[in-house]
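Please read the structure below before turning to the comments.
Along the sequence shown, residues are numbered consecutively beginning with 1.
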Amino acid sequence: MRLTDISHARDVMRRHNINPQKRYGQNFLTNPRIVDAIADACASDECGIIEIGPGIGTLTEALCERYKKVVAIEIDRALLPVLDETLGRFDNVEIICGDAMNIDFNELVKEHFGGMKVCVCANLPYYITSPIIMKLLEYGTLLESITVMIQKEVADRLCASAGSAMCGAITLAVNYRAAVEKVITVAPGNFLPPPKVSSTVIKMTMLKEPPVACGDAEKMFEIIKLAFGQRRKTLSNALSSVYGKSDVERALDTLGLQTDIRGEKLGIREFAALSDLL
């Protein structure tokens, strides 16, 4: 019996005296169709999987059924006995108790996957969404892809088009490193307990090369952060404290952009060109 059977999940939790912990953002999936959609989307069957936050093992079951090796990182020590029970029939899974934000994924891949292609799959707590995504993206092509369930509003932002109201600094940071697509939207009623908002599963496939050439990517993202940190200001005003308003306006004019343009109207290509000029 799978853990998507809500009566089975409740029984497992009752026997182990487990209550979902709000501080860890624990909301356990109960819809088999959605679990299967996530598991199917995240990798090819030759890949190894790093799962962040397995909970009671609902998604982990489906991952173990499909992939050669699964390493699941769980921060809540109280769930370890539950996972020993629910995943006991699988010989291709290993549970690590720890905080994914403090784990060196280079070492993790080297130790557990032996040259295998590796993908990340996670039902992320909302409070840690942006930090964990940015951490994972920094590893570049160490990972083949990152498939995560996150708050719908955040997913909309990550998948937004350049120049749209939803586009932000994190949108461009993600698009510089990965191709992003939506997999499925998940209503609150598919979780135990139900969260207050809808969720969306997105898949980020790591790019072998950035989509634009940039002389100094770190400097470019400093400029992007300044631009989106003061969205109501023109770009020349937002950057003036660091680069000087006249210098920014001159660079914008060289690029054929209006000198009073706001930063939110630029895409990653324009920011790369602007960064190189400045």
In the single-linkage hydrophobic clustering (I, L, V, M, F, W, Y; side-chain heavy atoms under 4.5 Å), do [X] and [Y] co-cluster?
X      : Y      : result
Met220 : Val248 : yes
Leu143 : Val174 : yes
Leu274 : Phe228 : yes
Met206 : Met134 : yes
Ile184 : Met149 : yes

Check: So Ile146 and Ile133, side-chain contact (heavy atoms from CB on, under 4.5 Å) or not? Walk me through it.
Finding: CA-CA 8 Å; Ile146 303 163; Ile133 286 176; 5.6 Å; no

Next item on the list: Start with the C-alpha gap between Arg15 and Glu85, add the side-chain angles, then the distance that decides, and say whether salt bridge (Lys or Arg N to Asp or Glu O under 4.0 Å) holds.
Entry: CA-CA 11 Å; Arg15 285 189 288 101; Glu85 175 187 330; 2.6 Å; yes

[atom1]-[atom2] distance between [X] and [Y], expressed to the nearest 0.5 angstrom:
X      : Y      : atom1 : atom2 : answer
Leu255 : Arg269 : CG    : CZ    : 13.5 Å
Ser236 : Gln258 : OG    : CD    : 11.5 Å
Leu278 : Leu239 : CG    : CG    : 7.0 Å
Cys119 : Ile49  : SG    : CD1   : 5.0 Å
Leu59  : Cys42  : CG    : SG    : 7.5 Å
Phe105 : His112 : CZ    : NE2   : 11.0 Å

Any side-chain heavy-atom pair from [X] and [Y] closer than 4.5 angstrom?
X      : Y      : answer
Pro131 : Met101 : yes
Ile268 : Ile224 : yes
Lys68  : Asn92  : no
Ser145 : Lys203 : yes
Phe90  : Thr60  : no
Pro211 : Asn175 : no
Ile202 : Val183 : no
Leu136 : Met204 : no

Is it true that [X] and [Y] have a side-chain N and a carboxylate O under 4.0 angstrom from each other?
X      : Y      : answer
Asp156 : Lys182 : yes
Arg177 : Glu138 : yes
Asp253 : Arg250 : no
Lys225 : Glu222 : no
Glu264 : Arg231 : yes
Lys233 : Asp260 : no

Check: Going through the distances and angles, do Ile50 and Val109 end up as a side-chain contact (heavy atoms from CB on, under 4.5 Å)?
Finding: CA-CA 9 Å; Ile50 299 171; Val109 169; 4.1 Å; yes

Closest approach of [X] and [Y], non-hydrogen atoms and distance?
X      : Y      : result
Ala251 : Leu277 : O-CD1, 3.6 Å
Leu172 : Cys167 : CD2-SG, 4.1 Å
Ala100 : Ile73  : N-CG2, 4.1 Å
Gly189 : Thr30  : O-OG1, 4.3 Å
Leu207 : Thr141 : O-CG2, 3.5 Å
Ile223 : Ser275 : CD1-CA, 3.7 Å

[X] side chain to [Y] main-chain N or O, any donor-acceptor pair under 3.5 Å?
X      : Y      : answer
Arg77  : Glu74  : no
Lys117 : Leu142 : no
Asn237 : Thr234 : no
Arg157 : Glu153 : no
Tyr67  : Ala43  : yes
Asp99  : Ile75  : no

Note to self: Pair Val71, Lys69 - check side-chain contact (heavy atoms from CB on, under 4.5 Å), show working.
What the structure shows: CA-CA 7 Å; Val71 173; Lys69 177 73 179 285; 4.1 Å; yes

Check: For Asp104, does the CG atom have more than 12 heavy-atom neighbours from other residues, nucleotides or ligands under 6.0 Å away?
Finding: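 Result for CG/Asp104: enclosed.
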
Next item on the list: For salt bridge (Lys or Arg N to Asp or Glu O under 4.0 Å), just list the numbers for Asp36 and Arg66, CA-CA rounded to whole Å, side-chain angles, deciding distance to a tenth of an Å, and then say yes or no.
Entry: CA-CA 10 Å; Asp36 288 341; Arg66 288 164 172 77; 3.3 Å; yes

Margin query: Ring centres under 6.0 Å, that's the criterion: do Phe271 and Phe221 meet it?
Written below: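 Ring centroids of Phe271 and Phe221 are no less than 6.0 Å from each other.
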
Check: Going through the distances and angles, do Leu137 and Tyr176 end up as a side-chain contact (heavy atoms from CB on, under 4.5 Å)?
Finding: CA-CA 10 Å; Leu137 289 172; Tyr176 185 71; over 6 Å; no

